[in-house]
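Here is the structure we will look at.
Source: prediction; values computed, not measured. Side chains included, hydrogens not; waters and symmetry mates left out as well; all remaining heavy atoms used. Within every chain, numbering begins at 1; the chains are lettered A, B, ... in the order of the sequence lines, protein sequences first and strands thereafter.
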Protein chains: 2
Amino acid sequence: MRGAIQLDEHFDRVGLRKTPQRLDVLEHLVRRPIHATADEIFAALNRRDPRVSRATVYNCLRDLARTGLVREVPGEGKAARYDANLHRHHHFICDVCGNVEDIEWFDVPASSWQTAAGKRRIRESEVVLRGVCSRCA
Amino acid sequence: MRGAIQLDEHFDRVGLRKTPQRLDVLEHLVRRPIHATADEIFAALNRRDPRVSRATVYNCLRDLARTGLVREVPGEGKAARYDANLHRHHHFICDVCGNVEDIEWFDVPASSWQTAAGKRRIRESEVVLRGVCSRCA
DNA sequence: ATCTAACTTTAGACATAGTCTAATAAGTAT
DNA sequence: ATACTTATTAGACTATGTCTAAAGTTAGAT
């Protein structure tokens, strides 16, 4: 599969050991981009292989997040939600239904934030757009 | 106190009953703008009046958030963090120390997001700037 | 000022989310 | 293949958040 080969490369790139569990977690997030929670991922992997542990899913998510392959979605709700992060993007949260949608990446011009940012060194700016999604409109 | 009178007015404005507990929670967030967790607020209020219940703090935060007087900070960490939201603002998260800082409000020009937003109706766009804070630089 | 209906608070049981530990297994460099 | 390091596992544990039903408050109408 192309997909798997590409995912392998990402592991090499960030210097993270390739383990089946890490691959499975990342692949799950890539193939089902629905901002899954740790528990949803655990349930899915554990169904296929009952030996997969809850702790492992949390460990994998932590390591993948640390190396940037995955990120926590800044959304709502109690449980953290995750996103494969192979391509940068923003988020949209619907005022009505609360769903979180990915939005294609765009840059916020420095002229917008440079005064407000003061002496901080800014690496990137992520945007959370809020409003009404096309289904709820 | 001026402060208390102003907070009262906010309750009237959003149509939320004034209760001592709600006032205390809001006042705590206004006076100590450190993005406290529910538990930190509970500890502070409970120290002054041991009858204040954990459930009440959660109820207050939920109601204050619903009416917009308070908001959940889109930051990191397991426990939700809250902000008095009497003035809109953005957030900055330091790559190094992880602290969340408030950033003065600015508008992201529609020209930045209008293509990416598609058919969604956008009400506002909140920005999370990431980089290195002035202390860590 | 008092009454009343609707709303809010409370304590503590419960539920959900996430972390830790120490024994075992697996990845990787040589 | 070996040795060394790092990752996984089960399950106890901690932290965070929700629910319930009884008691107490609030605010508007009298």
Side-chain angles (χ1 to χ4, degrees), chain A residues 4 7-28 35-67 69-82 98, chain B residues 4 7-26 28 35-67 69-73 75-82 98:
Chain A
L7 295 185
D8 275 30
E9 286 165 1
H10 286 292
F11 279 94
D12 294 344
R13 175 165 62 75
V14 302
L16 203 58
R17 276 196 183 173
K18 262 168 297 201
T19 72
Q21 293 85 346
R22 285 176 181 163
L23 264 164
D24 287 348
V25 169
L26 182 53
E27 197 181 352
H28 183 91
H35 303 117
T37 62
D39 202 63
E40 286 162 359
I41 298 168
F42 167 68
L45 302 204
N46 192 262
R47 211 175 306 127
R48 284 186 10 202
D49 177 357
R51 271 172 314 175
V52 167
S53 150
R54 193 177 294 278
T56 299
V57 172
Y58 280 99
N59 289 343
C60 288
L61 287 169
R62 181 200 55 208
D63 297 337
L64 291 168
R66 266 189 195 150
T67 53
L69 295 182
V70 146
R71 70 168 163 182
E72 249 187 71
V73 178
E76 325 290 80
K78 180 162 58 164
R81 297 188 163 275
Y82 295 88
Chain B
L7 296 184
D8 275 30
E9 285 164 2
H10 286 293
F11 280 94
D12 294 343
R13 176 164 63 76
V14 302
L16 202 59
R17 279 194 180 174
K18 261 167 298 198
T19 70
Q21 293 86 344
R22 285 177 181 163
L23 264 164
D24 286 349
V25 168
L26 181 54
H28 184 91
H35 303 117
T37 63
D39 203 63
E40 286 163 358
I41 298 167
F42 167 69
L45 301 205
N46 192 263
R47 213 175 305 125
R48 282 187 9 203
D49 176 359
R51 272 170 312 173
V52 167
S53 152
R54 193 176 293 276
T56 298
V57 172
Y58 280 98
N59 288 344
C60 288
L61 286 169
R62 182 199 56 209
D63 297 336
L64 291 168
R66 268 189 192 149
T67 53
L69 295 183
V70 147
R71 71 169 163 182
E72 250 187 69
V73 178
E76 326 292 78
K78 179 162 58 164
R81 297 190 164 273
Y82 295 86

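Checking side-chain atoms of R81(B) against main-chain N and O of H35(B) turns up a donor-acceptor pair under 3.5 Å.
With rounding to the nearest 0.5 Å, the separation of CG in D49(A) from CD in Q21(A) is 8.0 Å. To the nearest 0.5 Å, the span separating OH on Y82(A) from CZ on R71(A) amounts to 13.0 Å. Atom-to-atom distance recorded for K18(B):NZ and L23(B):CG is 8.0 Å, nearest 0.5 angstrom. For the atom pair N46(B) CG and I41(B) CD1, the distance stands at 13.0 Å (nearest 0.5 Å). Rounding to the nearest 0.5 angstrom, the gap separating the CG atom in L45(B) from the CZ atom in R54(B) is 11.5 Å. Once rounded to the nearest 0.5 Å, the distance linking CG of D24(A) with CZ of R22(A) reads 12.5 Å.
Note that the two end axes of the helix from dA1(C)-dT30(D) to dT30(C)-dA1(D) enclose an angle of 50°, each drawn from 5 base pairs, rounded to 10 degrees.
Listed candidates were dA11(C), dG27(C), dA10(D). Nearest to the side chain of T19(A) is dG27(C). Checked against dG18(C), dA17(C), dG27(C), the side chain of P20(A) finds its nearest nucleotide in dG27(C). The R17(A) side chain lies nearest to dT5(D) when the options are dT10(C), dG18(C), dT5(D). Distance from the side chain of A79(A) is smallest to dG18(C) among dG18(C), dT10(C), dT8(D). With dG17(D), dG18(C), dT9(D) as the choices, the nucleotide that has an atom nearest any side-chain atom of S53(A) turns out to be dT9(D).
Put simply, Q21(A) has no side-chain N or O that comes within less than 4.0 Å of OP1 or OP2 on dA26(C). At least one side-chain nitrogen or oxygen of R22(A) sits closer than 4.0 Å to the OP1 or OP2 atom of dA7(D).
Taking atom CG on N46(A) and atom P on dG11(D), their separation rounds to 12 Å, with Å as the unit.
Residue L26(B) comes nearest to L69(B) through the heavy atom pair CD1-O, 4.0 Å, listed as atom of the first residue, atom of the second, then distance. Closest approach of V57(B) and F42(B) over heavy atoms only: CG2-CA, 3.8 Å.
Using a 4.0 Å cut-off on heavy atoms, the residues of residues 54-64 of chain B that approach DNA chain D are A55(B), Y58(B), listed by number.
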